[in-house]
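See below for the structure under consideration.
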Amino acid sequence: MAEMEPVEGEAHRLPGIRVRAVALLVAVAFLTGSGLVLDRAVGPRGAAAGAPSAGPSGALFCPHGGHSGWQGWVVVTNPGQRRVRVRLTQLGKDGTRSVSTFAVGALRQVYREVSADDPADATQVEYFGGVVGAAAIVATVAPGGLAAERCEQAAHRNWFVMDVPTGAGQTSYLVVMNPFDEPAEFDVVLRTEKRVVAAGPLSPFVLAPRHSVGIPVNDFLLQGPGEESLTARVIQRMGRVVAGGLALSIGGIRIEAGVPGAGTRWLIPAGADVGARHLVVLNDGASRADLSAVAEGPKVQRLVSGPEGFSVGPAEVKTFQTERVKDAGLLVAASNGRPMIAGLRLTGPGGDSAMLNGSTITAGRWLVMPALPMSGGRSFLLLQNPGRGRVEVSFRLIGSDRPPPASIRQRTIPPGRTIRITLPSQGGRPVSALVSARGGTIVAAAVSYSPDRTGYAATLGLPMT
């Protein structure tokens, strides 16, 4: 992505929001209560006996959105030793847009162009016979617009989207996809530092099966003075959905998949950014959360939340500008054990920005997909070790063709440090990285520049448990 730093009005009913027929809701409620509507929101699972492909199968969900004139891609990476079949389903406001099938060879990645010309655009990636990872990338035709997100492994009852700004010159959409065969019903709550808005047309919102929607947040809340961040919570009433955010401004674009829940510790492996960093913290609980933030750089570890730390009240969102430590990941922890959600807004060298969600877990293996279109750019691998001992890591590069030369490399990460590795390309094309850690666990992310450095993108990797 290119790098950049970059009143509340009356809510109007959105086109396509309709109250469903009572008979339909009653029927679905009966099925749900009877256990006939199954929760299909699961991650990788083993193939059933007699299935056409042995090995695990599952789905990934990419609520990437788009806008007129944009381009979009989904990159699918196979870290395993055998071929995996993939079915790619594109969803939009009118339902299923297209379905395609293809195979991804062992230790290969495949790019597929997807529709990204409407805020409702979303993509489902189903896999059979092996586990894959996927990421979505969108770009504007003009310089300065690049964004990427990791595709999510499951649908959940709650989603927290940390970045749907509606300040001056900003337009945002809440992208919600229902790739399942049953209707979904959910509420939306918008929250800034000063206000909480639950607009009537969004409580509830009914989304038909195999449909997605781009809800224009500007129609429901416009940020005013003292409101630095705007977050959204999607609360499931019936069915399952996957939610994300899409933000546009004069400087660039951002996309992010939502976060399904709160945690007491968040790790954000950031880097390759410039200028101010803004930490956005949402406390959805009923008690105050007292926080500390530690920057974990390549050579230094520093407390950046001040001697008194940060404090976020119940049902509150706050934005903090943290002290800058070059190429430092961030560790945000609740000193009083209260769960919260944290994300970091970053700016690239050309002014484009990215929102990098944190991870509540560390893992011994990560699959990191590119945050660039197939035309390439400059990519970095960010690896954060929050532990107390050094970790030895090896990473295998995975490209579209045969494995790149010297594709297995090794590095050491000291305790409480984040390292940045410049990833080579394969004939000018971006590569994925399969990272393995020994002696501890880590968090991994990808950060990218477009070729002219005007675009900036960042996304977490996928933990391979």
Side-chain angles (χ1 to χ4, degrees), residues 1-4 62 64 66 69-79 88 102 104-105 107-116 123 132-151 252-255 271-274 327 346-354 356 366-383 395-409 420-435 444-462:
M1 301 186 222
E3 304 155 5
M4 59 166 76
C62 320
H64 49 79
W70 289 14
Q71 294 177 289
W73 301 265
V74 167
V75 55
V76 182
T77 304
N78 176 9
L88 199 77
F102 53 92
V104 184
L107 296 173
R108 298 289 189 276
Q109 69 180 21
V110 171
Y111 273 83
R112 284 292 183 269
E113 190 164 357
V114 296
S115 175
T123 305
V132 301
I137 302 109
V138 297
T140 61
V141 176
L146 177 65
E149 68 179 15
R150 176 187 74 181
C151 299
I253 61 176
R254 301 195 290 269
I255 64 173
D273 58 309
V274 301
D327 283 337
L346 305 165
T347 301
D352 193 9
S353 56
L356 184 58
W366 289 82
L367 178 60
V368 184
M369 279 71 63
L372 283 170
M374 201 169 184
S375 55
R378 194 172 183 193
S379 270
F380 305 96
L381 183 63
L382 280 300
L383 304 177
F395 56 99
R396 178 191 290 268
L397 304 180
I398 301 174
S400 302
D401 301 317
R402 64 185 184 279
S407 64
I408 299 180
R409 307 179 180 207
R420 184 179 85 174
I421 299 167
T422 301
L423 289 175
S425 62
Q426 186 183 51
R429 297 176 179 178
V431 295
S432 299
L434 179 61
V435 183
V447 174
S448 297
Y449 304 157
S450 60
D452 60 2
R453 294 172 64 88
T454 59
Y456 178 75
T459 182
L460 277 178
L462 183 71

Go through Tyr111 and Ile137 one step at a time and tell me if the side chain to side chain contact (heavy atoms under 4.5 Å, CB included) criterion holds.
CA-CA 10 Å; Tyr111 273 83; Ile137 302 109; 4.2 Å; yes
Less than 4.5 Å apart, side chain to side chain, heavy atoms only: is that true for [X] and [Y]?
X      : Y      : result
Leu462 : Met369 : yes
Ser353 : Asp273 : no
Phe395 : Val368 : no

Is a side-chain N or O of [X] found less than 3.5 angstrom from the main chain of [Y], in a donor-acceptor match?
X      : Y      : answer
Arg429 : Met374 : no
Glu113 : Gln71  : no
Asn78  : Val104 : yes
Thr77  : Gln109 : no

To the closest 0.5 Å, what do you measure between [atom1] ([X]) and [atom2] ([Y])?
X      : Y      : atom1 : atom2 : result
Ser115 : His64  : OG    : NE2   : 7.5 Å
Arg112 : Thr123 : CZ    : OG1   : 13.0 Å
Leu382 : Thr459 : CG    : OG1   : 11.5 Å
Ile255 : Cys62  : CD1   : SG    : 9.0 Å
Asp327 : Arg420 : CG    : CZ    : 4.5 Å

Closest non-hydrogen atom pair, [X] against [Y]:
X      : Y      : value
Ala458 : Val447 : CB-CG2, 3.9 Å
Trp73  : Val114 : N-CG2, 3.8 Å
Ile398 : Pro79  : CD1-CA, 4.0 Å
Ala139 : Ile253 : CA-CD1, 4.4 Å
Pro430 : Leu372 : CG-CB, 3.8 Å
Phe380 : Ala272 : CD1-CB, 3.8 Å

